[in-house]
Structure formats: C-alpha cells, structure tokens
Number of protein chains: 2
Amino acid sequence: MTQRQRPPTMQDVAERAGVSRALVSLVMRDAPNVSVARRAAVRKAAAELDYRPNAAARSLAERRSNTIGVVVNDLHNTFFADVIDGIHEVAMGNGYRLLLNTAWRTDDDELKAIEAFLEYRVDAIVVLGPRAAGEKLELAGSSVPLVAVGSITPGVDVVVNDDERGSELVVEYLVDLGHRRIVHIDGGGGGGASRRSVGFVNAMERHGLDPFVVPGDFTESSGAAAMSKLLKAGEPPTAVFAANDLAAVGALDELTKAGFDVPGDVSVVGYDNTAIAALSHIGLTTINQPRREMGRQTMELALDRLDQGRKAAVTRVVTPELVVRRTTAAI
Amino acid sequence: MTQRQRPPTMQDVAERAGVSRALVSLVMRDAPNVSVARRAAVRKAAAELDYRPNAAARSLAERRSNTIGVVVNDLHNTFFADVIDGIHEVAMGNGYRLLLNTAWRTDDDELKAIEAFLEYRVDAIVVLGPRAAGEKLELAGSSVPLVAVGSITPGVDVVVNDDERGSELVVEYLVDLGHRRIVHIDGGGGGGASRRSVGFVNAMERHGLDPFVVPGDFTESSGAAAMSKLLKAGEPPTAVFAANDLAAVGALDELTKAGFDVPGDVSVVGYDNTAIAALSHIGLTTINQPRREMGRQTMELALDRLDQGRKAAVTRVVTPELVVRRTTAAI
DNA sequence: CCCAGTTGTTGGAGCGCTCCAAATGGTTTA
DNA sequence: TAAACCATTTGGAGCGCTCCAACAACTGGG
C-alpha cells in the first residue's frame with residue numbers, strides 16, 4: 001500500500017520562494033501591497049510545487065466558506081438544472097462557489113443533506129423543491145440564510161412561479177379557442193398542485209364555466225388513468241389541462257389509443273415546459289416557468305440576507321407564460 | 001445588520017457538560033471506552049446547544065474529508081442520476097458522503113470543478129461523462145483517486161458499458177426480425193459514439209449485410225435531419241438504429257411526418273433507455289445501460305484505490321441489454 | 001498490600017490557513 | 001541629520017477539531 005504523499009502547504013511554498021508564510025497567503029488572496037518581484041516568486045514556487053490552498057484550513061481561519069449549498073431533491077427532474085444555472089451565474093459573480101447535495105425525495109434525506117451543509121458551514125443553503133415540513137426548514141434557516149425554490153414554505157425565503165396565474169393563462173387561452181368543456185387533471189399533493197387547481201377553478205368560474213377536476217398525482221400513469229376514466233364516463237371534454245407535462249403525456253397517449261385526434265377532437269395542455277413537452281414528436285402546449293430567472297432571484301435573496309442582514313422571510317413570485325405547440329386547437 | 005452569532009464549538013459543549021474538550025470529541029465520534037454517564041451528559045449538552053461539529057476543522061485535523069466529489073457534467077442529462085444513486089449507495093455504506101459539482105459541458109468548467117474538489121481535499125473524485133482531455137484528468141488523478149464514468153479516458157479508472165456489444169444486440173435483434181436494410185445514425189464525437197458505430201459495422205458485416213452509417217450528433221434534430229435525408233435519397237431502410245434515444249425520437253418523428261408507419265413500415269431503435277424512451281406515447285425499443293450498477297462499480301474502484309492502494313488504472317465494462325418496446329417489428 | 005493491567009479522562013501539540021500588530025527598510029520632510 | 005512617513009514583510013496567535021502520550025482510578029492476582 002503506497003503512501004499518498006502529503007500535498008504541499010503554504011509553508012512549503014514560502015520556503016521555496018524564500019519568503020514568509022504570511023506573504024504567500026497575501027499572494028494567494030491577490031492582496032495589494034505586495035511587490036511585483038515577490039508576487040512573481042511566490043507564484044512561480046506555487047506552480048512548481050503544484051500547490052493548491054487547503055479549502056478546509058481556509059474556511060476555518062476565515063470563518064466562512066464562500067460556498068453556497070444547494071440541496072437538489074430530485075436529480076431526475078431536469079426542471080432544477082436550469083434553476084441551478086441561474087443560481088450559479090449570480091453566485092459566481094459574487095465570489096461564491098456552489099456545492100450540491102441530493103436528497104432522494106424524502107424528508108429525511110433532505111434534512112440530512114441540509115445538516116451536512118451546516119457542518120460544512122456553507123454561507124447559505126438553497127433547497128430545490130423542499131419536501132420537509134416548514135418548521136424544520138425554518139429551524140435550519142435560523143443559523144444560515146435558507147431559500148426554498150418551487151414550494152411555498154412558511155418561515156423561509158421562497159421563490160416560486162405564480163401557479164394560479166399559470167392556470168389562468170391556460171383557461172383563457174382555451175376559452176379563446178372556443179373550448180367550454182375543460183377538465184383539469186390535478187397533481188394531488190405535489191408542489192404547487194393545489195394552487196394550479198385553485199387557479200383553474202377560479203378562472204373557469206370567472207368565465208361562467210363548470211370547473212371539472214379529476215384527481216391525479218403528477219405521473220404519466222395517473223394522467224392516463226384519469227383520461228381513461230374520463231372517456232369511459234361518457235361525453236369527453238374538448239380540452240384537458242393536466243397539472244404537469246408528464247400527466248399530460250399520459251392523457252395524450254390514452255386519447256390517441258382511444259382513437260381521438262389531438263388536437264382535432266381534444267386539446268391537451270401541460271405545465272412546466274419540460275424537455276418532454278418540447279420533443280417534436282409530442283409538441284405539447286404547456287406553461288413555462290422562467291427557471292433560470294428563478295435561480296437568479298434565489299441567489300439574490302440569499303445575498304440580500306448575507307450582505308444586508310435582512311431577517312424577515314420574503315417570497316418572490318415569478319410570472320409563468322404560455323408556450324403554444326401542437327396539442328391545442330380551436331374547436 | 002445583525003451579527004450572526006458564532007456557532008457553538010466543542011469547547012462550549014465541554015464546559016456545559018463539565019468535561020474536557022477531548023472527551024466531547026470522543027463522544028461525537030462514537031468512540032468506545034467512554035462511560036455511559038459522561039456520554040449521556042455530553043449528548044445532552046450538545047443537543048441543548050444545537051451543537052454541530054465543524055466539518056472544516058474536522059477534515060483539517062483528520063487530514064481527510066470522508067467525502068467523495070462527483071463532477072456532473074450535464075445536470076440536464078438524467079442518465080447520471082441513476083449512476084449517482086449507485087455511487088451514493090456504496091459510498092454511504094463505507095462512511096463517505098457525497099458532494100456534487102456541475103460543469104457546463106465544457107472542459108474548462110470540468111477542470112475547475114475538479115480543482116475545487118482538490119482544494120476541499122476530497123478523498124476521491126468521480127467524473128460523470130468527462131469532456132476534458134485524458135492527460136488533464138490523469139494529472140488530477142495523480143493526487144487523488146479519480147474515476148471516469150461513461151467515456152473511455154486513458155490513464156484513469158473508467159466505468160463504461162460495452163457499446164460495441166450494445167450495437168451488436170441491436171443488429172442481431174433486427175436481423176432476427178428479418179431486417180436487412182438497416183441504417184445507423186451515429187453520434188459524431190459524443191461519448192461512446194464511435195464504439196457504437198464500430199459495433200454496428202462489425203455486426204452487420206458478420207451477417208454479410210451492408211453497414212450503412214449516416215452522420216448525426218446525439219440530438220433530436222440531427223436524428224430528424226438524418227432521417228429526412230435518408231428518405232429523400234430513395235428506397236428507405238426497413239430499420240433505423242440511432243446512436244441515442246434523442247436522435248431516435250427525431251428519426252421517429254420524421255418518419256411519422258412522412259407518412260410511414262412505425263413499426264409497420266420501418267423499425268426504430270435508440271440507445272440509453274432514457275425516460276423519454278419509456279414514455280408510453282413513444283415506447284422506443286432501445287439499449288439499457290445498468291446505470292445504478294455502474295455507479296456501484298465506480299465507487300468500488302475508488303474504494304479499491306483508497307483502501308488497497310491500487311495504482312494501475314483499471315477499466316470496468318458493464319453489459320448492456322436490449323429493451324424491446326413498440327417501435328420495432330418483424331418485416 | 002503492592003504492582004501490573006484495564007478502563008476512562010485529560011492537556012497539549014498540531015492540522016494549514018488568515019489576520020493583526022509590529023518590524024523592516026527606504027524616502028521624504030523639517 | 002534626525003524625525004516622520006510610507007509601502008512591504010513578518011512572526012505569532014488563533015480558527016475548531018483529532019490524536020497521542022500521560023495520567024487517574026479501579027480491578028484482580030500473587
């Protein structure tokens with residue numbers, strides 16, 4: 001078993017460059033007031049030794065890590081990839097680096113991931129699609145800025161899209177196309193599901209239409225099941241609005257199988273504008289959330305607490321927009 | 001601007017519990033030979049103070065971080081989510097925690113992410129879908145165990161599926177179905193693309209068939225473009241094997257638009273068994289890579305270097321399998 | 001009843017870095 | 001020519017933890 005050699009330290013660089021440890025520290029941090037000659041000598045020595053500052057020692061001494069911890073609840077959900085791009089953009093611009101941690105769709109994992117970040121003493125924590133109860137997050141948020149994205153979580157900073165407005169956009173669009181019998185397949189207890197449902201009901205009633213909602217749970221199979229039940233129940237709706245794209249695809253599939261033409265006979269709309277919706281083979285009309293922008297705002301909220309010392313929890317609501325593709329048509 | 005209060009340290013816990021700092025350390029690490037009474041007293045004090053060990057201080061003192069750094073090249077690609085599950089499973093079982101970092105599909109980001117992990121002094125690094133040149137990775141791998149997943153990278157440990165075998169499975173299956181005119185839409189320079197192509201050519205020749213390959217690049221649009229060109233060129237193939245699922249869906253779409261029935265007129269096969277392939281609306285026949293297993297093996301390679309001190313680079317090849325869905329049929 | 005052997009507990013050194021007060025040395029000013 | 005000033009440089013004291021040698025308090029055997 002070979003002994004892995006100890007990585008070089010600041011001391012090693014200092015000796016090789018013939019200066020003090022403190023001077024090396026100054027150079028590594030690009031501090032001013034270091035003579036050009038010394039700076040060059042230190043850089044040279046560092047390069048020759050392949051020196052790399054020890055992040056642990058640095059955080060310990062600085063008493064801050066300059067990193068933001070991001071808890072990604074579901075790596076399979078690409079929704080968050082764009083959000084992370086936005087977070088990354090702003091974080092980098094402010095001298096922070098990102099560290100991610102996954103949770104496997106359970107409260108417990110999520111809290112464990114947060115716990116790990118607290119041990120690392122990250123400067124702020126972002127939870128994408130939180131599952132854990134608000135109080136738990138709020139507790140964690142008491143020792144470090146914490147922002148939740150995608151689900152409204154009391155007691156902490158939140159960034160979400162306006163689900164009610166999204167549903168409203170869908171209803172208005174469908175009504176404009178002449179649809180009257182519109183059904184909503186809801187998302188059960190999933191994030192934002194209830195607000196999408198409420199938005200649907202309100203918008204329908206505002207138009208004097210009957211808001212028919214059938215249960216679902218954000219999965220393809222639930223969308224298919226709901227559609228199948230709907231078709232069996234007699235006179236089918238002329239438009240179906242599913243709580244997310246996956247359920248919409250399930251419904252779409254069921255309609256096709258039953259011999260209906262989409263959008264000729266029935267229009268179908270989803271929510272989230274995932275990659276699936278964009279597949280030209282599917283071309284699903286859906287609602288887009290400005291994910292990257294959500295990421296930016298998330299980071300802004302964190303920076304706001306970090307730099308301005310804001311204490312009160314804030315909620316930022318971004319505006320969704322309709323993306324028309326090929327599963328919707330006038331009646 | 002409110003002053004965030006300093007988190008409690010081991011010293012604080014020690015004072016509150018009326019013991020020494022060292023004893024608290026022993027309790028936190030679940031060391032044996034600590035009396036039941038003291039252990040309880042320390043745990044109580046720690047809980048009351050909401051004490052959390054400082055990971056930076058710990059890594060510094062232990063001279064190891066007990067964490068594995070995972071570089072995820074493309075968060076949008078869910079392929080790696082399952083791999084990470086496998087890595088996580090083995091890592092947890094061996095007392096390591098995971099930390100992720102994203103790279104945005106460029107060499108530079110990837111190397112920066114690796115660099116960051118080196119500064120954190122992670123115990124091992126895993127690169128999912130490496131882009132950077134082998135020498136660079138090899139260099140990084142000289143100071144810490146490094147495993148590459150998905151692309152063959154000289155000089156470092158690698159876990160990949162047997163792409164040639166995967167292509168062979170496809171050809172054999174299609175030939176068994178009676179197909180003779182089979183076209184491969186390749187993946188350009190993407191990971192594994194060339195081996196898939198080679199496997200296709202070899203298998204076709206073994207069957208005495210003419211291996212026709214058209215260029216592509218792993219995207220939906222390239223699949224559509226290739227298919228469109230193929231259709232214009234006259235007598236269409238009876239089967240199309242695309243280098244990945246996305247390209248296969250592009251081809252599928254183009255065929256449908258052109259009025260061909262899939263699988264009645266033409267069979268289509270993809271590669272990777274992504275979530276898209278599994279959508280019942282698509283039901284793409286494809287090749288599955290045992291992703292979770294790949295994750296496990298990845299971690300095993302890392303542990304092998306960590307615990308056994310292995311130095312020579314090793315490549316682990318896992319076996320792909322055919323997943324038959326509804327885009328293929330006998331001719 | 002003493003010494004060896006256990007089991008439990010402790011202070012101190014040290015991990016690699018930053019920060020600070022103080023030292024250095026060259027220049028300018030009175 | 002001495003004093004005052006400036007830009008640089010430096011040693012030392014931590015940051016919060018682990019590890020180790022040493023110590024304390026018991027136990028049991030001869």
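Computed from heavy atoms alone, side chains included, the values below leave out hydrogens, waters and symmetry copies. None of these values were measured; they are calculated from a predicted model. All chains are named by letter (A, B, ...) in the order of the sequence lines, taking the proteins before the strands, and each is independently numbered beginning at 1.
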Report task. Using a strict 4.0 Å threshold on nitrogen-to-oxygen distance, state whether Glu89(B) and Arg292(B) make a salt bridge. Result -> yes
Requested in this report: Kindly indicate, with the supporting measurements, whether the criterion side chain to side chain donor-acceptor pair (under 3.5 Å) is fulfilled by Arg29(A) and Ser25(A).
Outcome: CA-CA 6 Å; Arg29(A) 286 176 289 141; Ser25(A) 173; 2.7 Å; yes
Query raised in the report: Does the side chain of His88(A) reach to within under 4.5 Å of the side chain of Met299(A), using non-hydrogen atoms?
Result: no
**Report entry** Interatomic distance where CD belongs to Glu15(A) and P belongs to dT10(D) [whole Å]
**Finding:** 13 Å
Query raised in the report: Can you find a side chain N or O atom of Arg58(B) that sits less than 4.0 Å from OP1 or OP2 on dT18(D)?
Result: yes
Query raised in the report: For Arg121(B) and dT18(D), what is the distance between atoms CZ and P respectively, to the nearest whole Å?
Result: 19 Å
Query raised in the report: For Arg21(A) and dG14(D), what is the distance between atoms CZ and P respectively, to the nearest whole Å?
Result: 14 Å
**Report entry** Protein-nucleotide distance (Asp12(B), atom CG; dC17(D), atom P), rounded to Å
**Finding:** 9 Å
Query raised in the report: What residue pairs, at least two apart or across chains, pass salt bridge (charged side-chain N to carboxylate O under 4.0 Å, His left out) with a residue in residues 142-156 of chain A?
Result: none
Query - Atom-to-atom span, CG of Leu60(B) to P of dG14(D) - whole angstrom - result: 17 Å
Query raised in the report: Distance-only, no hydrogens or angles: does the Arg38(A) side chain make a donor-acceptor pair with backbone N or O of Leu23(A) under 3.5 Å?
Result: no
Requested in this report: For Gly18(A) and for Met10(B), find the nucleotide of DNA chain D with the closest heavy atom, then tell me which residue's nucleotide is more 5'.
Outcome: Gly18(A)
Report summary line: Rounded to whole Å, CZ of Arg63(A) lies from C1' of dG16(C) at a distance of 15 Å
Query raised in the report: Got a donor-acceptor contact below 3.5 angstrom from the Arg291(A) side chain to the Asp272(A) backbone?
Result: yes
Query raised in the report: Once you round it to whole Å, what is the distance between P of dC17(C) and CG of Asn54(A)?
Result: 6 Å
Query raised in the report: Going by number, which of residues 24-51 of chain A have a non-hydrogen atom under 4.0 Å from DNA chain C?
Result: Ser25(A), Arg29(A), Tyr51(A)
Query - Within-4.5 Å side-chain heavy-atom neighbours: Arg316(A) and Val314(A) - result: yes
Requested in this report: Starting from P on dA22(C), measure out to CG on Leu23(A) and report it in whole angstrom.
Outcome: 20 Å
Requested in this report: May I ask you to verify if any side-chain N or O of Ser20(B) is less than 4.0 angstrom from the OP1 or OP2 atom of dT10(C)?
Outcome: yes
